[in-house]
Number of protein chains: 4
Amino acid sequence: MLPSIETLHFSLKMEVRDYELDRFGVINNAVYQNYLEHTRHKFLEANGVKMVDLLERGFSPVITKAEIEYRSSLQSKDDFVVNLELASLSKVKFVFMQEIRRLPEDKLIINARITGTILNSSGRPCFPEAFQDLRSVLTHKNTDK
Amino acid sequence: MLPSIETLHFSLKMEVRDYELDRFGVINNAVYQNYLEHTRHKFLEANGVKMVDLLERGFSPVITKAEIEYRSSLQSKDDFVVNLELASLSKVKFVFMQEIRRLPEDKLIINARITGTILNSSGRPCFPEAFQDLRSVLTHKNTDK
Amino acid sequence: MLPSIETLHFSLKMEVRDYELDRFGVINNAVYQNYLEHTRHKFLEANGVKMVDLLERGFSPVITKAEIEYRSSLQSKDDFVVNLELASLSKVKFVFMQEIRRLPEDKLIINARITGTILNSSGRPCFPEAFQDLRSVLTHKNTDK
Amino acid sequence: MLPSIETLHFSLKMEVRDYELDRFGVINNAVYQNYLEHTRHKFLEANGVKMVDLLERGFSPVITKAEIEYRSSLQSKDDFVVNLELASLSKVKFVFMQEIRRLPEDKLIINARITGTILNSSGRPCFPEAFQDLRSVLTHKNTDK
C-alpha cells in the first residue's frame, strides 16, 4: 500500500491565551513562532519522531532559516488552526511550509517557510532514522504526482 | 549641520537569561525575535519615537515580514550585542537589518531583515511625524554616499 | 432555581508544549502562572465576565498575592488539568484556589491560592456588575452548607 | 577575616522590555518570576555556584514554594532593581527574600519569599559543596548579630 499523502500534511487547532497578548492587544510576533514550533513537534511525534528520544541520543533539531509573512493579527479569544506541510527533505535539510488561519472563517494570519536540520552530538547535520522514514514517504508522494 | 550617519545605526548589549533557554540548553528561536524587537524599540526611542505616544494616538507598529537566518546559538551566560541598521524607509514601509553577535569574539549568531509598517486607528498604513523625521535623516545619508 | 455549585468550580485540560520547557527539561515556575491565569480567564468568561469588556470600560484585574506550592514537575508531552475554585469574593477582593494535576493519574503538581482585585479607571478597587453576580452565587452556595 | 555580610545580599538593575508587557500595558505576573529567577542565578553565580556545573553533575535546583505580594506595577521603560537576601539555608532547604523596586524613587513593586531545594540525580534533596560554602557564610553572619 502506498503511503497516504495526508501523512505529510498536518493541522493543529489552538486558541489564543490572554497572557500571549501584547500591549496592543494582539499576539506578539515571537509567540507565532511558538505556535509554529509546537505544531511541528506534534507533526513529528505523530509520525514517529520523538523529541525526547532525539535529545537522549544527542540530536538537536535546529532551525536555520525562518521566513514569515504577517498578514493579519490574532486577538483575545480567537480560535485558529496551524497548517503544516513537509515541503522537502534532503539528507540534511528539511523545509516546512506553515500557515496560521483564524477560525471559523479561515482568514490567513501568517504564512511561513521554515528551514532546518538536525545536528548530532558532534554538531554535524545528520538525520536519525525516524527522519529517513519521513523522506521515503515524501519521495513516494512526489513520484505520484 | 548634516545628520550623523551614526543615528541610523544602533547597538544594544544584552545578556542571556537562564529562563530564556530551552531544553536543549540554547536560546529558543522565538526569544531572538524578542531581542530584535527590544532593540528596535530602544533605537526608535533614542530617535524620538516613543511607543507610548504611538499607542495613545492610536498608532500600531506592525511587522509584515521577518526573514531570519540562524547561524549559531546563544547559551547560558553568553553576552551578546544586537546591531541594527534602518535600511530603508518609504512613506509606509520600514526595513531594518539586524544581527546578533556573541561577545567578546563578535561571532555571528543570527541576521535578520525585518519589514514593517505603522497602522493608524483606521488600520491604514500611516507614519507619524516622528517617523518622517527619521526618513529625512536617511535621505541625507544616502545622498552623501 | 438555586444556582449550581458547579458554577464556582472549573476545570481546564491542557497539554505541555515543548517551548515551555526549560533547560532542565521541566516546565519553568513562571509558566505555571500562565496556566493558572489562562484558566481563571476561561472560568470568568464561562461565567459572563469578559476580559475585553473590562478592558474597554477601564477595569484592570490585578493579582495582589500569589502563594504557590510546587510539588512535582510537568515534562514534555504531559497532559494535565487545572482545577479552580472561587473560594471567596468580597466587595473588593477575590480568592481563587487552584491546582494543577497531571493526567491520567491525577498526580498533584502544584497548588495555589491567588488573591486579587479589580481596579477601576481611577485605580480604585471596584468590582463590575458581572463580578457581583458571581458573588450572589457564592453566597447561596455557602448558605446551603 | 570574617566573611562580609554583603555577600548574602545582592542587587540587580534591570529594565522593562516592551515584549514583557501584557494587554493592560503592565508587566504580567509571570514575568516577575522570571526577573526573580534571573537575579537568584546571578547571585549564585557571583558566589561560586554555577548552574551549568550543577546541570552537568545531575543536580536540579527546584522551587518548592513561592509567596509573592504584588504592590504596584511596572510599565513600559521602567527601570527597576531586584534585591535579594539569602534568608536561611539548612542542609536541604534555602529561603530567599526578594523584592522589586522601581527606580529612581525606590517604590516597592513586589516582595517575595522563595523557598527551594536542590535535587540530585536520584531526585533527592542534596546540596552540592558550593552551596555548603554559602551556608558557612550565613552561619557566621547570624553569629555576629
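The analysis underlying the following values was restricted to heavy atoms, covering all of them including side chains, and did not include hydrogens, waters or symmetry mates. Per chain, numbering begins at 1; letters A, B, ... match sequence-line order.
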Heavy-atom pairs under 4.5 Å with chain C, option from R23(D), E67(D), M51(D) with the top count: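 Maximum pair count with chain C is reached by R23(D).
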Contact leader toward chain C among L36(D), N34(D), L55(D), where contacts are heavy-atom pairs under 4.5 Å: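 The residue among L36(D), N34(D), L55(D) with the greatest pair count is L55(D).
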Would you name the heavy atoms of F59(D) and F24(C) that are closest together and state the gap between them?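 Here F59(D) and F24(C) meet closest at O-CE2, 3.6 Å.
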Least distance between heavy atoms, Y70(D) atom then K65(C) atom: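 Shortest heavy-atom separation between Y70(D) and K65(C) comes out as CD1-N, 4.0 Å.
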Residue, of V62(C), T115(C), N28(C), that accumulates the most heavy atom pairs under 4.5 Å with chain D: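 Most heavy-atom pairs within the cutoff with chain D belong to N28(C).
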Please state whether the side chain, the backbone, both or neither of R71(D) comes within less than 4.5 Å of a heavy atom of chain C.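 Neither part.
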Under a 4.5 Å heavy-atom cut-off, does chain C meet the side chain of Y35(D), its backbone, both or neither?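 Neither part, no heavy atoms under 4.5 Å.
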Is any side-chain heavy atom of D22(C) closer than 4.5 Å to a side-chain heavy atom of E37(D)?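 D22(C) vs E37(D): side chains apart.
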Would the number of heavy atoms belonging to other residues, nucleotides or ligands and lying under 6.0 Å from NZ of K93(C) be above 12?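 No, NZ of K93(C) has 12 or fewer neighbouring heavy atoms, counting only those of other groups under 6.0 Å.
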